[in-house]
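The next block holds one structure in the form of structure tokens; read it before the comments.
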Amino acid sequence: MFKKIVLAIILLAGSASMAYAALPYAHREDAEKADSLIKMASADRSASLGDRMAMIAESFVGSGKDDYYYKDTVATLRVNLQEFTPMTFINTVEALARTAGDGNPGIVQFEDNLRKVSCRRGEDAGFASLMWHASDWIGDNLYRGNITELTERYGDQRDRTKSLDYLTRNRDKYAALANAETYDKVRMTEMGFRSHKIPYLPKQFIGKKSFEEDARPGDIIIMVPNEDGQDIFQIGILTLEKGDPYLIHFDVKKGMVVKESEPLKRYFNLVSKYFGGFRWLRIKE
């Protein structure tokens, strides 16, 4: 009996150490950069989480594209502060901003926060545990109390039904999906988003007084595409200049993080044909 108890303790300790093992880093300088950004964002203790989000997001403008999640056969969660995808940009910024608000901020806390916002239930279990669909990411983070969805607070809200199956329909684009077990896990996740109802606000809501008064730095805007299969046209973080909201995001077409030169209302008009509306989220302190 005693041996069984000892073995159980060892197994539990092993699983705990695996759960909190250091994440791999894409570049040697990423740990130093993360530490520098955390210190910068934590300098003003009166700054809100949203303020820190906007500040950190702007520091990444010009960063390039990360092909790792397309080309690597394992493609598990890793730290990369040099290149991004639309979702890794959001997750990295949030993890850094949250860490900067911790009582004793550091790299270990940053890695833990990155797991919590990037992986389903906050558990890193490889490629299939990463959340690429906005609806998956929102549902999981809402359940764990990480975010608030503002979309549904306004009478202008509408709904659109979509089947989110982009990853499995484009299996050849993701090297990790060549593994049958990984593919089956991703397929099961996407099956849960068949005929999925997506709440959104119409594009014109951006110009309404209620949005202009309620928008804050660090808010997340998700532009919902017209085509089926996916629920992100662009996903970005708001920054405010002289009261006008601007979007900072990873632009897939440009292959880099950009801060739009036009205010959000004007930017929406410029790309209006590509999306039907937007979701509006706020990270919770």
Side-chain angles (χ1 to χ4, degrees), residues 50 53-54 56-67 69-70 80 83-94 97 117-118 130-139 141 147 149-151 156-160 162 164 166-167 170 173 193 196 198-207 211-212 215-241 244-283:
M53 290 268 293
I56 292 170
E58 192 143 6
S59 74
F60 286 129
V61 171
S63 300
K65 178 182 178 181
D66 186 3
D67 288 328
Y69 293 101
Y70 300 97
N80 187 352
E83 303 102 10
F84 297 98
T85 70
M87 284 306 306
T88 63
F89 171 67
I90 298 296
N91 290 331
T92 300
V93 170
E94 181 184 346
V117 299
S118 303
L130 301 174
M131 297 178 287
W132 298 111
H133 294 297
S135 298
D136 190 13
W137 185 86
I138 291 169
N141 280 281
I147 61 174
E149 174 140 27
L150 304 179
T151 311
D156 303 67
Q157 181 214 319
R158 302 173 187 176
D159 296 298
R160 178 166 183 174
K162 282 172 167 269
L164 306 179
Y166 181 83
L167 275 75
N170 294 273
K173 293 184 178 181
F193 290 98
H196 177 64
I198 300 173
Y200 71 93
L201 290 165
K203 291 169 277 192
Q204 297 78 10
F205 187 78
I206 287 293
F211 180 82
E212 294 174 352
R216 297 181 189 172
D219 284 356
I220 295 174
I221 299 295
I222 302 173
M223 300 158 70
V224 181
N226 294 321
E227 67 269 20
D228 207 20
Q230 52 187 329
D231 56 359
I232 299 175
F233 168 61
Q234 301 285 4
I235 177 171
I237 296 168
L238 288 187
T239 183
L240 300 183
E241 293 186 4
D244 290 325
Y246 289 78
L247 193 69
I248 304 174
H249 62 111
F250 180 86
D251 189 310
V252 174
K253 289 186 176 181
K254 294 181 180 178
M256 62 189 297
V257 176
V258 300
K259 177 182 178 181
E260 294 299 334
S261 58
E262 300 287 349
L264 193 59
K265 182 179 178 181
R266 172 65 176 157
Y267 173 63
F268 270 22
N269 289 335
L270 292 173
V271 297
S272 180
K273 66 179 181 180
Y274 298 110
F275 74 109
F278 70 100
R279 299 181 78 167
W280 180 12
L281 310 165
R282 182 166 295 153
I283 303 298

Step through the shown structure and confirm whether more than 12 heavy atoms of other residues, nucleotides or ligands are within 6.0 Å of CZ on Arg216.
no
Before you tell me yes or no, could you show the steps for Ile222 and Ile138 under side-chain contact (heavy atoms from CB on, under 4.5 Å), namely the whole-Å CA-CA distance, both residues' side-chain angles and the distance that decides it to 0.1 Å?
CA-CA 11 Å; Ile222 302 173; Ile138 291 169; 3.8 Å; yes
Taking it one step at a time, do Tyr69 and Leu130 satisfy side-chain contact (heavy atoms from CB on, under 4.5 Å)?
CA-CA 10 Å; Tyr69 293 101; Leu130 301 174; 3.6 Å; yes
Between Thr88 and Phe84 (side chain of the first, backbone of the second, donor and acceptor by atom type, cut-off under 3.5 Å), is there such a pair?
no
Could you give the distance from CG (Leu281) to CG (Asp219), rounded to the nearest 0.5 Å?
8.5 Å
Taking the side chain as C-beta and beyond, is there a heavy-atom pair between His249 and Glu260 under 4.5 Å?
yes
Could you give me the CA-CA distance, side-chain angles and deciding distance for Lys173 and Tyr166, then say whether side-chain contact (heavy atoms from CB on, under 4.5 Å) is met?
CA-CA 10 Å; Lys173 293 184 178 181; Tyr166 181 83; 3.2 Å; yes
Taking C-beta and beyond as the side chain, do Gln234 and Val271 meet within less than 4.5 Å on heavy atoms?
no
In terms of ring plane angle, is the pair Phe233 and Tyr274 parallel, tilted or perpendicular, where the classes change at 30° and 60°?
parallel
Minimum heavy-atom separation for Ile221 and Trp280, please, with both atom names.
CD1-CD1, 3.9 Å
Residue pair Gly277 / Tyr200: nearest heavy atoms and the distance that separates them
CA-CD1, 3.6 Å
Any idea which heavy atoms bring Phe89 and Ala57 closest together, and the distance?
CZ-CB, 3.9 Å
Mind listing the closest non-hydrogen atom pair of Ser135 and Arg279 along with its distance?
OG-NH1, 3.5 Å
Work out which heavy atom in Trp132 is nearest to a heavy atom in Met87; give both atom names and the distance.
O-CG, 3.9 Å
Tell me if a side-chain donor or acceptor on Asp67 pairs with a main-chain N or O of Tyr70 at a distance below 3.5 Å.
no
Ignoring hydrogens and geometry, is there a side-chain-to-backbone donor-acceptor pair from Asn226 to Gly276 under 3.5 Å?
yes
Value for NZ (Lys162) from CD1 (Ile198), rounded to nearest 0.5 Å, stands at 6.0 Å
Using the six-membered ring wherever Trp is involved, compare the ring planes of Phe211 and Phe278 and label them parallel, tilted or perpendicular (cut-offs 30° and 60°).
perpendicular
Distance (rounded to the nearest 0.5 Å) between Met53 CE and Glu58 CD
13.5 Å
So how far is it from Ile220 CD1 to Ile237 CD1, rounded to the nearest 0.5 Å?
5.5 Å
Just verifying a value: how many Å separate Glu262 CD and Asp244 CG, rounded to the nearest 0.5 Å?
10.5 Å
So, using side-chain contact (heavy atoms from CB on, under 4.5 Å) as the criterion, who are the partners of Glu212 when residues are at least two apart?
none
Give me the atom names and distance for the closest heavy-atom approach of His133 to Gly229.
CE1-O, 3.7 Å
How far does CG of Asn141 sit from CG of Asn91, to the nearest 0.5 angstrom?
7.5 Å
Evaluate the criterion ring-ring contact (aromatic ring centres under 6.0 Å, His included) for residue pair Phe275 and Phe268; output intermediate values, then yes/no.
CA-CA 9 Å; Phe275 74 109; Phe268 270 22; 4.9 Å; yes
Is the side chain of Ser272 donor-acceptor paired with the backbone N or O of Asn269 at a distance under 3.5 Å, no angle test?
no
Can Thr239 and Lys259 be counted as having a side-chain donor-acceptor contact under 3.5 angstrom?
no
